[in-house]
Amino acid sequence: MIYLKTEEEIELLRKANLLVSATLTEIAKVVRPGVTTRQLDTLAEQFIRDHGAIPTFKGFPAGIEGADPFPASICTSVNNIVIHGIPDDTPLREGDIVSVDCGTLLDGFCGDSCYTFCVGEVSDEVKRLLRTTKESLYKGIEAATAGRRLGDIGFAVQQHCEAQGYGVVREFVGHGIGHEMHEDPAVPNYGQRGSGKQLKNGLCIAIEPMITSGSYEIALMPDRWGVTTRDRMPAAHFEHTIAIHHGKADILSTFETIEAVEGKLY
């Protein structure tokens, strides 16, 4: 069931998503060599709770048999980890990248966004991957207008990334969002123009390209949460929550404050 949101609900979603963006901005201030992802998680949880919200990832039930509920408030996916990396005590190193995915529940509505950070100076090849992935997110958002279809979003993402020689993960996709973090519809990062559900005003979705620098084939890690590229090549992940609002995409999260801290690195 796809639940279209009212103007008031869209504004509540915006508030939850801007808190996610503010949390990622706090993380941007401290990402550097020597910092652990567990330290990032502690910072994020405290910041979210200090602002009257709940970190939606913590305790999230596993979708894969044999996995415990997610133990942290953010996902921290380093280098070849595509998504769902569990924070730990391993220090980040110069040249790493870390995708930080964050969710909040504020006033009954969810926020969800992800940004891939550079740790110190990264290679030109990795910068190109990050730049292309972020560009593909905005290409997908540009395609999200009333009257078009979900396949148009996936087509835009896929075409942009594959033209640069990158892989597009198939097994994990974006999603609807509202009172629940994951609602209908699924929002793939691949597809055909004109296919899938029609986009209507009030539809709120998270668009999140998960792009690999080599093969798009992935594997589940032993913790039953983290997902790695099979070829161990780096991957990037960017995500915005949007509303179809007055016929076009209204981005409810923001990268502007993050990039004001991190700078235009790629």
Side-chain angles (χ1 to χ4, degrees), residues 17-51 53 55-58 70-104 111-135 137-138 206 208-213 221 223 225-229 232-241 253-266:
N17 277 281
L18 289 177
L19 177 56
V20 172
S21 299
T23 306
L24 293 174
T25 302
E26 291 301 304
I27 287 171
K29 295 174 183 177
V30 299
V31 168
R32 66 177 68 91
V35 171
T36 71
T37 52
R38 196 184 305 277
Q39 288 173 315
L40 301 181
D41 178 62
T42 299
L43 181 156
E45 180 170 3
Q46 190 65 54
F47 188 82
I48 291 167
R49 295 191 187 279
D50 284 349
H51 286 78
T56 48
F57 292 4
K58 192 160 192 176
F70 196 75
S73 296
I74 55 174
C75 299
T76 53
S77 304
V78 179
N79 295 333
N80 55 289
I81 309 304
V82 184
I83 51 170
H84 302 163
I86 296 175
D88 63 19
D89 294 316
T90 304
L92 294 170
R93 298 176 299 176
E94 183 83 17
D96 283 345
I97 54 174
V98 55
S99 299
V100 180
D101 196 354
C102 179
T104 62
D112 192 5
S113 183
C114 181
Y115 195 90
T116 302
F117 295 93
C118 298
V119 182
E121 188 62 37
V122 305
S123 70
D124 289 342
E125 292 83 359
V126 169
K127 287 180 182 177
R128 180 171 171 266
L129 169 67
L130 301 187
R131 181 171 61 249
T132 302
T133 305
K134 191 194 291 183
E135 288 171 349
L137 170 59
Y138 288 103
E208 48 179 322
M210 292 157 266
I211 307 302
T212 63
S213 51
M221 295 177 65
D223 62 27
W225 274 107
V227 174
T228 179
T229 55
R232 313 294 288 182
M233 296 285 284
H237 180 199
F238 289 90
E239 176 182 17
H240 271 316
T241 291
S253 43
T254 182
F255 291 159
E256 289 183 6
T257 52
I258 300 167
E259 291 167 346
V261 173
E262 188 181 59
K264 296 286 188 179
L265 300 179
Y266 45 86

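Heavy atoms only: backbone and side chains are in, while hydrogens, waters and symmetry mates are out.
- In this structure, Thr23 OG1 and Tyr115 OH are separated by 15.5 Å, a value rounded to the nearest 0.5 Å.
- Within 6.0 Å of CZ on Arg93 lie no more than 12 heavy atoms contributed by other residues, nucleotides or ligands.
- Without hydrogens or angle criteria, Thr241 side chain to Gly111 main chain gives no donor-acceptor distance under 3.5 Å.
- In this structure, the side chain of Ser213 engages the main chain of Pro234 through a donor-acceptor pair within 3.5 Å.
- The minimum heavy-atom distance linking Ser21 with Ile258 is given by the pair O-CG1, 4.1 Å.
- Inter-residue side-chain proximity for Pro71 and Ile86 is flagged as met; some heavy-atom pair is nearer than 4.5 Å.
- The shortest heavy-atom contact between Cys114 and Ser99 is SG-CB, 4.1 Å.
- Interatomic distance, CG of Leu24 versus CZ of Phe117, reported as 5.0 Å (0.5 Å rounding).
- Under the side-chain contact (heavy atoms from CB on, under 4.5 Å) criterion, Arg232 pairs with Asn80, Thr228, not counting sequence neighbours.
- Sorted by first and then second residue, the salt bridge (charged side-chain N to carboxylate O under 4.0 Å, His left out) pairs involving residues 29-40 (not counting sequence neighbours) are Glu26-Lys29, Arg38-Asp89.
- Atom CG in Asn17 sits 10.0 Å away from atom SG in Cys102 (nearest 0.5 Å).
- For Glu262 (side chain) and Val31 (main-chain N/O), no donor-acceptor pair under 3.5 Å exists by modelled atom type.
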Begin with the C-alpha distance, continue with both residues' side-chain angles, and end with the deciding distance and a verdict on side-chain contact (heavy atoms from CB on, under 4.5 Å) for Asn79 and Ile97. CA-CA 5 Å; Asn79 295 333; Ile97 54 174; 3.7 Å; yes

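- No side-chain donor-acceptor contact under 3.5 Å links Asp112 to the backbone of Gly103.
- The shortest distance between side-chain heavy atoms of Leu265 and Leu130 does not fall below 4.5 Å.
- To the nearest 0.5 angstrom, Ile48 atom CD1 is 10.5 Å from His51 atom NE2.
- Here the closest heavy-atom approach between residue Thr229 and residue Ala235 is recorded as CG2-CB, 4.1 Å.
- Thr116 places a side-chain N or O within donor-acceptor distance of the main-chain N or O of His237, the cut-off being under 3.5 Å.
- With rounding to the nearest 0.5 Å, the separation of NE2 in His84 from CE in Met210 is 7.5 Å.
- Applying side chain to side chain contact (heavy atoms under 4.5 Å, CB included) to Phe238 and the options Ile211, Leu137, Asp101 leaves one that passes, Leu137.
- Put simply, the side chain of Thr36 never gets that close to the backbone of Pro91: no donor and acceptor are under 3.5 Å apart.
- Judged as a side-chain contact (heavy atoms from CB on, under 4.5 Å), and not counting sequence neighbours, the contacts of Thr257 are Thr25, Thr254.
- Annotation: side chain of Met221 is in contact with side chain of Ile81 (closest heavy-atom distance under 4.5 Å).
- Taking the six-membered ring wherever Trp is involved, the centroid distance between the rings of His240 and Phe255 falls below 6.0 Å.
- Salt bridge absent: Arg128 and Glu135 never bring a charged side-chain N and a carboxylate O closer than 4.0 Å.
- Between Thr37 and Asp41 there is no side-chain heavy-atom pair separated by less than 4.5 Å.
- Contact of the Ser113 side chain with the Val20 side chain is registered, since non-hydrogen atoms from C-beta on lie closer than 4.5 Å.
- Closest of all the heavy-atom pairs between Ala44 and Ile74 is CB-CG2, 3.7 Å.
- Counting all heavy atoms, side chain and backbone alike, Thr212 lies closest to Leu129 at C-CD1, 4.2 Å.
- Across Ser253 and Glu239, no two heavy atoms sit closer than the pair OG-O, 4.5 Å.
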